[in-house]
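Read the numbers this way: they start at 1 and go in the same order the structure lists the ligands and their atoms. Predicted, not measured: the structure shown is a model, and the values here were computed from it.
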Amino acid sequence: MEFIDLKRQYRAYQEEIEAAVLRVLRSGRYILGPEVEELEKALAAYVGVRCAVGVSSGTDALLLILKALDIGPGSAVVTTPFTFVATAEVVKRVGAQLIFADVDEETMNLSPEAAREAILEAKRRGVCVRAVMPVSLYGLPADLPAFEALAREFSLHLVEDACQSFGAAVGDRRSGSFGQAAATSFFPAKPLGAYGDGGMVFTDDEGLAEKIRVLRVHGQTRRNWCEYGGINGRLDTVQAAALLVKFRHFPAELARRQEVAKRYREGLSAAPLRFQKVPEGYLSAYAQFTVRAPEREALQASLAERGIPTAVYYPYPLHLQPAFAEAGYPPGSLPVAERLAEEVLSLPMHPFLEPEEQDRIISAICEFYGV
Ligand SMILES: *Cc1c(COP(=O)(O)O)cnc(C)c1O
């Protein structure tokens, strides 16, 4: 059994993907070819924003947003410590100050109240907070309406790290359509994954999108003329072609993920696990199905013995890691994130997980807890 079975997905769409990739290989247009623009248009329409810019990874999507917003030395960004390292890494990379605020116990996402406290505290110390960057963790949108209000209240930019949440929604608005801009990732294991690295920026702000288009080609406004300090941040045509194929199947996959999640919730209801709470009106993209498990290490070992793969996202909150020590958050300072890091366990989750396989996982967990 695979944790995320990408080979099964490939076999399901093999003919279409190979035909699309072959067309690119024969076309000679390997970087930013016509498929990139086609993908940008299709995904912008799906997310519900005016502009989308295809870039080289989710990390670069975040980095390009910060650069385009001129967030650098002298600015601070508020974010969550309970996320993949890239979220905080880009803040450090542009030279801005990292401010961590704790997460909500139930949704595991950045708490708007904690973020508000952190902003007020920063203001008292004369720190210039320019952006708040919640992460829609495991595919569950953060409390984006609350962050929009917070951004308005303090005149900040809201930047959603939607790297795990393509397809998710709050009411009738998709993840990626809130705030100033959002970044998603096409890393193969993400809900919409490519066959290599890739990412995309979503925004309603055409000026910002245009600046990101310039920044992704080294900041060149025309050939050999650098207007800004940019990066090599382009999306490959081959990846865009494969993504266009996978995007056709994406709605069906998203629906399958909901069924898999429902079966877990029902099948594991007697076990002493706590689930990530999906608030009323929220749709998770279920990049991961993550539970809080007492005796996590023993459970994980017991499942491994039966050939059931699991993963811990994330065992160390960012503020306790050496790279972010200078942000100044000692152990105990962000207690909810620290507790979650000790308890979370992600179970196999992908659209091709068979009911029989899932039942085997559920039985193994119930047996472990004797329920
Ligand atoms: C995957 C991920 C990223 C980075 O995306 P890459 O495409 O791997 O660079 C950033 N933030 C979060 C929350 C992620 O899960």
Side-chain angles (χ1 to χ4, degrees), residues 3-4 6 36 39 43 52-67 77-94 98 100-101 103 107-110 131-142 144 147 158-168 175-176 178-179 181-202 212 216 231-236 239-240 242-243 246 257 276 284-290 311-319 321 323-324 337 340-341 344 346 349-350:
F3 183 67
I4 298 179
L6 293 173
V36 173
L39 183 72
L43 300 200
V53 186
V55 298
S56 41
S57 69
T59 306
D60 286 340
L62 290 167
L63 177 68
L64 287 164
I65 293 169
L66 296 186
K67 277 179 168 294
V77 177
V78 176
T79 191
T80 164
F82 191 54
T83 176
F84 180 59
V85 58
T87 313
E89 169 192 287
V90 293
V91 176
K92 214 176 122 122
R93 213 157 120 199
V94 297
L98 254 177
F100 287 122
V103 295
T107 64
M108 309 192 194
N109 280 324
L110 181 63
V132 59
M133 195 158 68
V135 177
S136 295
L137 194 69
Y138 311 136
L140 176 70
L144 300 169
F147 285 110
L158 167 59
V159 176
E160 185 198 1
D161 180 342
C163 283
Q164 301 183 1
S165 60
F166 183 79
S175 170
F178 291 80
T184 202
S185 165
F186 304 129
F187 182 79
K190 304 286 165 122
L192 180 62
Y195 292 100
D197 281 307
M200 198 164 274
V201 173
F202 299 111
I212 290 171
R216 82 175 159 179
I231 64 170
N232 173 358
R234 301 165 305 213
L235 180 64
D236 294 350
Q239 301 306 340
L243 284 163
K246 284 208 196 177
R257 287 178 190 271
Q276 184 185 27
S284 175
Y286 284 111
Q288 305 293 342
F289 189 86
T290 302
V312 175
Y313 300 116
Y314 296 89
Y316 309 109
L318 298 183
H319 64 289
Q321 300 186 33
F324 304 106
L340 291 178
V344 288
S346 300
M349 163 55 85
H350 59 88

Discussion item. Within ligand 1, which atoms have a heavy atom of Thr83 less than 4.0 Å away?
Written reply: 13 (C)
Worksheet entry | Parallel, tilted or perpendicular, as decided by the 30° and 60° cut-offs, for the rings of Tyr138 and Phe82 | perpendicular
Discussion item. Checking the N or O distance criterion of under 3.5 Å, is ligand 1 in contact with Gly58?
Written reply: yes
Fill in: salt bridge (charged side-chain N to carboxylate O under 4.0 Å, His left out) partners for Arg216, two or more places apart
Glu40
Fill in: Shortest protein contact, atom 11 (N) of ligand 1 (heavy atom only)
Asp161 OD2, 2.8 Å
Worksheet entry | For Ala189 against Leu6, the heavy-atom pair lying closest together | N-CD1, 4.3 Å
Worksheet item: Is Ser185 close to ligand 1, meaning an N/O of one under 3.5 Å from an N/O of the other?
Response: yes
Worksheet entry | Nearest-contact summary for atom 9 (O) of ligand 1 - protein heavy atom, Å | Thr59 OG1, 2.5 Å
Worksheet item: For ligand 1, which atoms sit closer than 4.0 Å to a heavy atom of Val135?
Response: 13 (C)
Response to the item:
Val312 and Pro315 have their tightest heavy-atom pair at O-CD, 3.4 Å
Practice prompt. Identify, by atom number and element, the atoms of ligand 1 in contact range of Ser57, meaning under 4.0 Å from any of its heavy atoms.
Written response: 7 (O), 9 (O)
Worksheet item: What is the ring orientation for Phe100 with Phe324, classed by angle as parallel under 30°, tilted 30 to 60°, or perpendicular over 60°?
Response: perpendicular
Item to complete: May I ask you to test the Tyr195-Gln239 pair for a side-chain heavy-atom distance under 4.5 Å?
Response: yes
Practice prompt. Within a distance under 4.0 Å of any heavy atom of Thr87, pick out the atoms of ligand 1 and give their elements.
Written response: 11 (N), 13 (C)
Worksheet entry | Ligand-side contact atoms (ligand 1) for residue partner Cys163, heavy atom cut-off under 4.0 Å | 2 (C), 3 (C), 10 (C), 11 (N), 12 (C), 14 (C)
Worksheet item: Evaluating non-hydrogen atoms only, which member of Lys190, Gln288, Met200 is closest to atom 14 (C) of ligand 1?
Response: Lys190
Item to complete: Write down the atom of Asp60, the atom of Val55, and the distance for their closest heavy-atom approach.
Response: C-CG2, 4.5 Å
Worksheet item: Is there a nitrogen or oxygen of Gln164 sitting under 3.5 Å from a nitrogen or oxygen of ligand 1?
Response: yes
Worksheet item: Is there a donor in the side chain of Thr290 and an acceptor in the side chain of Ser346, or the other way round, less than 3.5 Å apart?
Response: yes
